[in-house]
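Chain naming here is simple, since letters A, B, ... match the order of the sequence lines and numbering starts at 1 in each. All values below were derived from every heavy atom in this structure, side-chain atoms included, with hydrogens, water molecules and symmetry-related copies excluded.
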Number of protein chains: 2
Amino acid sequence: MREPDISIAECSYRRVLEIVSNKWTALVIYALEDGTLRYGLIKSRIADISQKMLTQTLKQLERDGLVVRKVTPVVPPVVDYALTPLGRTLLPFLRMLKDWSSAHYASVSEAREAYDAVHQDASHG
Amino acid sequence: MREPDISIAECSYRRVLEIVSNKWTALVIYALEDGTLRYGLIKSRIADISQKMLTQTLKQLERDGLVVRKVTPVVPPVVDYALTPLGRTLLPFLRMLKDWSSAHYASVSEAREAYDAVHQDASHG
DNA sequence: CGGTATCCGCTCTGATACTG
DNA sequence: CAGTATCAGAGCGGATACCG
């Protein structure tokens with residue numbers, strides 16, 4: 001029999017989707033996969049993230065228990081970020097998505113071109 | 001040696017993230033995991049999605065070659081949607097995320113409460 | 001260096017109304 | 001039933017300026 005719990009709306013799945021569905025969250029987690037990184041290093045890894053968005057994303061991740069923040073009170077300040085064990089459990093998921101990208105993104109691109117050729121009104125790039 | 005290609009900005013990973021990072025995309029794909037579904041059925045599976053957002057998401061998914069749309073020209077109209085083979089390759093990824101939710105979402109909740117207790121200014125729920 | 005605060009545009013999203 | 005069109009509001013996200 002089919003599970004009846006699938007009316008997808010209310011479960012934790014949805015909440016987790018909200019976490020990962022941010023523009024930057026996945027990228028930041030992925031940037032930290034190799035271990036602890038200072039704020040500036042994370043920023044240079046992602047490059048086109050703004051300071052505001054990086055800080056905001058990091059703060060949210062910290063709140064969710066996915067990242068730890070460690071301040072070393074020296075001048076100038078040193079702030080390190082690292083994934084928590086909980087945060088690290090998301091890595092396989094991110095890697096899987098990355099593999100998917102390598103394997104299938106070309107197909108998506110083709111599909112878009114084909115679609116746009118037919119529907120003739122697109123200008124997405 | 002470490003791969004130098006990791007400056008995460010420009011690769012397909014990023015583009016794929018854009019696909020999945022929509023509020024509804026993952027939910028719609030997931031709704032279609034069991035096979036073909038009519039428009040109204042999808043809507044009832046997701047429940048709190050608006051007509052506009054469902055249509056928009058479906059159209060985007062079709063453009064990306066992840067979903068096929070089949071119109072049966074009768075009155076009243078019947079429109080069926082199904083995942084393409086390409087779309088189906090995303091399912092393991094979605095299931096993995098769902099498993100993660102079941103396993104770890106409680107931890108996230110706890111972390112939030114702890115964080116909010118300390119930072120005292122939150123009111124997210 | 002690693003933030004915080006503010007302003008502002010733009011996109012995403014949801015109601016509502018209408019069509020075939 | 002399955003859309004399309006339009007409008008208005010909320011929030012995202014970037015640029016800029018300032019602080020410890």
For Glu110(A), enumerate each residue passing the salt bridge (Lys or Arg N to Asp or Glu O under 4.0 Å) test, keeping only those at least two apart in sequence or located in another chain.
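Expected list: none.
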Where does the angle between the aromatic ring planes of Tyr81(A) and Tyr39(A) fall among parallel (under 30°), tilted (30 to 60°) and perpendicular (over 60°)?
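It falls in the tilted class, 30° to 60°.
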Between Arg88(B) (side chain only) and Glu33(B) (backbone N and O only), is there a donor and an acceptor less than 3.5 Å apart?
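Yes: the side chain of Arg88(B) pairs with the backbone of Glu33(B).
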Quick check on [N]: is either OP1 or OP2 less than 4.0 Å from any side-chain nitrogen or oxygen of [X]?
X: Arg38(B); N: dC1(D); result: no
X: Tyr81(A); N: dG3(C); result: yes
X: Arg69(A); N: dG3(C); result: yes

Figure out the [atom1]/[atom2] separation between [X] and [N], and round it to whole Å.
X: Leu41(B); N: dC1(D); atom1: CG; atom2: P; answer: 10 Å
X: Ile49(B); N: dT13(C); atom1: CD1; atom2: P; answer: 9 Å
X: Asn22(A); N: dC12(C); atom1: CG; atom2: P; answer: 14 Å
X: Leu54(A); N: dC1(C); atom1: CG; atom2: P; answer: 14 Å
X: Lys23(A); N: dC10(C); atom1: NZ; atom2: P; answer: 14 Å
X: Ile19(A); N: dC12(D); atom1: CD1; atom2: C1'; answer: 18 Å
X: Glu18(A); N: dC12(C); atom1: CD; atom2: P; answer: 17 Å
X: Leu58(B); N: dA2(D); atom1: CG; atom2: C1'; answer: 11 Å

For Pro76(A) and Ser50(A), take the nucleotide of DNA chain D holding the closest heavy atom to each; which residue's nucleotide lies nearer the 5' end?
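Closer to the 5' end of DNA chain D: Ser50(A).
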When you measure from the side chain of [X], which nucleotide among [options] comes out closest?
X: Trp24(B); options: dG14(D), dA2(D), dT13(C); value: dT13(C)
X: Thr55(A); options: dG3(C), dG3(D), dG20(D); value: dG3(C)
X: Pro77(A); options: dC1(C), dG14(D), dG3(D); value: dC1(C)
X: Met53(B); options: dG14(C), dG3(C), dG13(D); value: dG14(C)

Is the shortest distance from a Lys or Arg side-chain nitrogen in Arg15(A) or Glu18(A) to a carboxylate oxygen in the other one below 4.0 Å?
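Answer for the salt bridge query: yes.
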Start at the 5' end of DNA chain C and walk down; is the nucleotide closest to Lys59(A) or to Lys52(A) reached first?
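Comparing both residues, the 5'-ward one is Lys59(A).
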Which residue lies more 5' along DNA chain C, comparing Gln51(B) with Val71(A) via nearest heavy atoms:
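That would be Val71(A).
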With a 4.5 Å heavy-atom cut-off, do Val16(A) and Lys98(B) have their side chains touching?
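A side-chain contact under 4.5 Å is absent here.
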So what does Gln56(A) touch, heavy atoms closer than 4.0 Å: a base, only the sugar-phosphate, or nothing?
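Gln56(A): no heavy atom of the nucleic acid under 4.0 Å.
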